[in-house]
Amino acid sequence: MKRLRNYFVMLTVAIMALFCTSCGGNDDSEELGPFVEYTEADTFYETYKAYKGTKALIDTRKKSKFEAGHLTGADNLPADIYNTADDNAQWSKDLLAKYPTNTCLFFYGTTSFQMTKAVAGRASRLGYGKENSRIYSKGYDALKSVWK
């Protein structure tokens with residue numbers, strides 16, 4: 001009976017260990033919040049302008065849309081690059097090459113909050129941290145009217 005109980009305990013520990021490792025992956029769609037999210041264009045703009053530390057404005061739209069018009073000072077790192085692991089690695093290298101990890105990243109562009117959150121999550125895992133990710137969730141068109 002004691003031996004059976006020991007096997008049961010070992011089996012329980014093994015199952016728990018398996019469950020914990022399968023839940024701790026680096027999937028970009030995992031819940032990574034709380035990111036700072038803005039739904040008001042004025043608030044996002046004022047926060048960006050008032051931020052005193054190192055900052056970057058990142059447009060997450062496709063390159064063709066970025067080239068057709070973007071906010072002054074924005075850099076283009078498209079969110080739709082998430083097609084393959086190689087693309088993800090290149091996006092990460094591009095971000096790290098341009099901005100030190102103490103940079104506060106202000107993301108805008110896509111109207112898909114899930115896509116923007118995936119980009120912010122990727123940046124967070126690269127060392128920028130959740131507190132350094134600001135997300136405007138209503139897209140470029142809603143923001144360009146207030147940007148000066």
Side-chain angles (χ1 to χ4, degrees), residues 9-148:
V9 169
M10 289 174 39
L11 180 62
T12 302
V13 170
I15 290 171
M16 287 175 54
L18 181 63
F19 178 77
C20 290
T21 57
S22 68
C23 291
N26 283 336
D27 178 19
D28 286 331
S29 64
E30 69 183 297
E31 183 58 44
L32 293 165
F35 296 114
V36 180
E37 177 192 3
Y38 298 88
T39 57
E40 298 299 323
D42 290 336
T43 307
F44 183 79
Y45 173 75
E46 294 301 327
T47 304
Y48 176 79
K49 291 296 183 185
Y51 192 82
K52 300 294 184 203
T54 305
K55 63 185 173 186
L57 182 62
I58 300 176
D59 188 322
T60 58
R61 296 175 300 147
K62 294 179 181 184
K63 185 176 182 176
S64 60
K65 289 188 177 190
F66 177 81
E67 289 174 348
H70 59 273
L71 302 179
T72 304
D75 191 11
N76 185 226
L77 289 170
D80 68 347
I81 198 165
Y82 287 92
N83 295 326
T84 68
D86 290 341
D87 289 340
N88 286 332
Q90 188 58 53
W91 189 93
S92 299
K93 287 177 188 175
D94 291 346
L95 185 67
L96 287 166
K98 291 179 182 185
Y99 306 108
T101 55
N102 67 337
T103 304
C104 186
L105 305 172
F106 288 80
F107 294 102
Y108 80 92
T110 65
T111 53
S112 164
F113 179 65
Q114 290 303 320
M115 180 65 81
T116 306
K117 189 173 92 170
V119 171
R122 169 66 50 144
S124 177
R125 281 190 295 282
L126 292 172
Y128 293 92
K130 295 173 191 146
E131 65 281 355
N132 277 342
S133 294
R134 309 286 193 257
I135 302 167
Y136 179 69
S137 61
K138 291 192 177 178
Y140 168 70
D141 291 333
L143 190 56
K144 71 180 178 181
S145 63
V146 302
W147 211 263
K148 300 167 186 139

So which atom in Y140 and which in G69 form the shortest heavy-atom distance, rounded to 0.1 Å? OH-C, 3.4 Å

Sidechain-backbone polar pair: T60 side chain, Y108 backbone, donor-acceptor under 3.5 Å: yes

Distance-minimising heavy-atom pair for S137 and T39: OG-CG2, 3.6 Å

If only atom types and distance count, is the side chain of T47 paired as donor or acceptor with the main-chain N or O of T43 below 3.5 Å? yes

Is it the case that atom NZ in K98 sees more than 12 heavy atoms from other parts of the structure closer than 6.0 Å? yes

Quick one: sort the W147 and Y48 rings into parallel, tilted or perpendicular, breaks at 30° and 60°. tilted

Separation between OG of S145 and CG of D42, rounded to the nearest 0.5 Å: 7.5 Å

Nearest-0.5 Å distance that lies between atom OG1 in T103 and atom CG in N132: 7.5 Å

Taking everything shown except K65 itself, do over 12 heavy atoms lie less than 6.0 Å from its NZ? no

Roughly how far, to the nearest 0.5 Å, is the OG1 atom of T72 from the NZ atom of K144? 12.5 Å

Distance-minimising heavy-atom pair for A56 and Y99: CB-CE2, 3.4 Å

OH/Y38 to OH/Y45 distance, rounded to the nearest 0.5 angstrom? 14.5 Å

Does the side chain of Y128 come within less than 4.5 Å of L96's, by heavy atoms? yes

Separation of W91 CH2 from L126 CG (nearest 0.5 Å): 7.0 Å

Where Y136 and A142 come nearest, the two heavy atoms and their spacing: OH-CB, 3.4 Å

Side chain N76, main chain R61, donor-acceptor under 3.5 Å: yes

First locate atom CD1 of I58, then atom CG of L77, and finally report the distance between them rounded to the nearest 0.5 Å. 5.0 Å

Do L57 and K55 have side chains that get closer than 4.5 Å, going by heavy atoms? no

Which heavy-atom pair separates F107 from A123 by the least distance, and what is that distance? CZ-CB, 4.1 Å

Taking C-beta and beyond as the side chain, do K138 and F44 meet within less than 4.5 Å on heavy atoms? no

